[in-house]
Amino acid sequence: MYTLGEFIIKNKDCFSYSTESLLRLFSCIKLASKEIHKEVNKAGLTKKIIGVSGVKNIQGEVQKKVDDFANQAFINSFKSRNVVCGIASEESKNFIEIKNKKIMNNPYIVLIDPLDGSSNIDVNVSIGTIFSVYMRSSSTKDHLSINDFLQVGNRQILAGYIIYGSSTILVYSVGNGVHGFTLDPSIGTFYLSHPNLFFPKNGNIYSVNEGNYTRFSNGIKRFLRYCQEEKENRPYTARYIGSLVGDFHRNLIKGGIYMYPKTVFFPEGKLRLLYECNPIAFLTEQAGGKASDGKRRILDILPKNLHQRTPFFCGPKEMVEKLEEFTNE
Ligand code: AHM
Ligand code: MG
């Protein structure tokens with residue numbers, strides 16, 4: 001059984017950039033995720049990460065203590081290792097430039113949703129971290145600019161997530177398939193457990209917050225009726241946790257489509273293009289699937305601002321293409 005580090009070294013030719021940098025990036029990600037794993041697993045016993053922090057984040061949402069804890073864990077971990085020159089987080093208004101001459105020479109920037117689906121922590125349901133890495137677009141001689149972060153998703157060089165569920169699993173891709181590693185908490189090591197993840201054929205799950213049904217467009221409503229029809233391998237089964245990482249992870253393994261369309265409350269969609277949709281879209285495509293805003297490929301959207309939202313649909317190609325037939329009618 002390979003550890004994550006051994007797997008990276010064995011597959012070093014799959015990453016076009018420096019293997020040492022990739023190992024260092026993962027050293028940051030592993031450390032912060034193990035800190036979160038440790039806190040999440042004793043969440044019922046401590047008030048440290050349960051409940052609200054009293055602060056609102058950039059989206060105007062009340063920040064949970066766990067959001068703040070996870071944000072700090074990742075920022076500290078990335079700041080203290082000489083590997084990224086900038087960080088943008090769903091929980092922070094502006095990007096952070098690491099102003100250390102030596103570090104500014106590093107070409108990598110990271111975008112992160114430190115704790116997605118955090119409202120689930122109070123009820124012991126799976127939550128996750130989502131991350132993606134790009135090369136900065138400006139010269140290492142200059143200060144970072146917003147354009148270093150506003151890149152199209154198809155320029156990601158690394159994307160992944162960590163799910164804190166019945167076990168803690170790290171799933172990533174550098175553009176050469178999708179691989180999952182399960183944490184053995186007794187020794188703090190991630191071992192390869194899910195090599196070459198690929199959406200299975202004949203997926204039959206649909207995941208959407210159906211409480212928003214009356215606010216969906218007619219195209220989405222018709223697609224949902226299609227999912228519920230008794231024909232071929234339908235009706236599909238409905239599964240929705242309300243935790244993107246948890247819903248996506250299940251759909252990737254079992255075969256299903258995830259949907260977060262526009263609603264009256266979220267006229268642009270709820271999920272954030274940079275922190276949530278782009279990395280999940282990258283993994284989706286690497287696993288043989290498709291990710292779309294209903295009309296366009298997610299990975300082709302040029303972001304206009306750091307916290308931009310978008311409608312989001314991802315899953316096995318044939319399911320997303322079927323949905324697009326309805327949304328494009
Ligand atoms: P968050 O980033 O504030 O945690 O919100 C994102 C989460 C996703 O994990 C999940 O898929 C979605 O919001 C659920 O939204 P809803 O409760 O509206 O169904
Ligand atoms: Mg989120």
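Counting convention: from 1, in listed order, for ligands and their atoms alike.
- Asp113 contributes OD2 and Glu90 contributes OE1; the angle these two atoms make at the Mg ion (ligand 2) is 70°, rounded to 10°.
- Remark: ligand 1 atoms within the under-4.0 Å shell around heavy atoms of Leu244 are 8 (C), 9 (O), 10 (C), 11 (O).
- The pair Glu325-Lys322 meets the salt-bridge criterion, with a side-chain N (NZ, NE, NH1 or NH2) lying under 4.0 Å from an Asp/Glu carboxylate O.
- For ligand 1 and Glu276, the ligand atoms under 4.0 Å from any heavy atom of the residue are 2 (O), 6 (C).
- Rounding to the nearest 0.5 Å gives a distance of 8.5 Å between OG1 of Thr182 and CZ of Phe190.
- On a distance-only criterion, Tyr240 and ligand 1 share at least one N/O pair closer than 3.5 Å.
- Once rounded to the nearest 0.5 Å, the distance linking CG of Asn71 with CG of Asp113 reads 9.0 Å.
- Atom CG in Leu323 sits 10.5 Å away from atom OH in Tyr226 (nearest 0.5 Å).
- Atom OE2 is the N/O/S atom of Glu276 found closest to the Mg ion (ligand 2).
- Using 4.0 Å as the threshold, Tyr275 has no heavy atom nearer than that to any atom of ligand 1.
- Closest non-hydrogen pair, Phe198 versus Gln286, comes out as CE1-O, 4.2 Å.
- Within ligand 1, counting atoms from 1 as listed, the ones closer than 4.0 Å to a heavy atom of Asn209 are 16 (P), 18 (O), 19 (O).
- Note on Lys317 versus Glu321: no salt bridge recorded, every NZ/NE/NH1/NH2 to OD/OE distance being 4.0 Å or above.
- In this structure, Tyr236 OH and Asn202 CG are separated by 8.5 Å, a value rounded to the nearest 0.5 Å.
- Residue Tyr258 touches ligand 1 through its side chain alone, judged by heavy-atom distances below 4.0 Å.
- Near Glu90, the atoms of ligand 1 lying under 4.0 angstrom from a non-hydrogen atom of the residue are 2 (O).
- Each of the atoms 4 (O), 9 (O) of ligand 1 lies under 4.0 Å from some heavy atom of Gly117.
- Per-residue contacts place Ser118 under 4.0 angstrom from the following atoms of ligand 1 (heavy atoms of the residue considered): 4 (O).
- Closest to atom 15 (O) of ligand 1 by heavy atom, among Met259, Glu91, Lys270, is Lys270.
- In this structure, Phe266 does not count as a contact residue of ligand 1, since none of its heavy atoms falls inside 4.0 Å of the ligand.
- Heavy atoms of Asp247 stay at 4.0 angstrom or farther from ligand 1.
- In terms of polar-atom proximity, defined here as any N/O pair under 3.5 Å, Leu115 makes no such contact with ligand 1.
- If you look at Asp116 and ask which of its N, O or S atoms sits nearest the Mg ion (ligand 2), the answer is OD1.
- Without hydrogens or angle criteria, Arg239 side chain to Arg250 main chain gives no donor-acceptor distance under 3.5 Å.
- The two atoms that bring Val83 and Tyr108 nearest to each other are O-CD1, 3.4 Å, heavy atoms only.
- Contact between Cys314 and Phe312 at its shortest, heavy atoms only, is SG-CE2, 3.7 Å.
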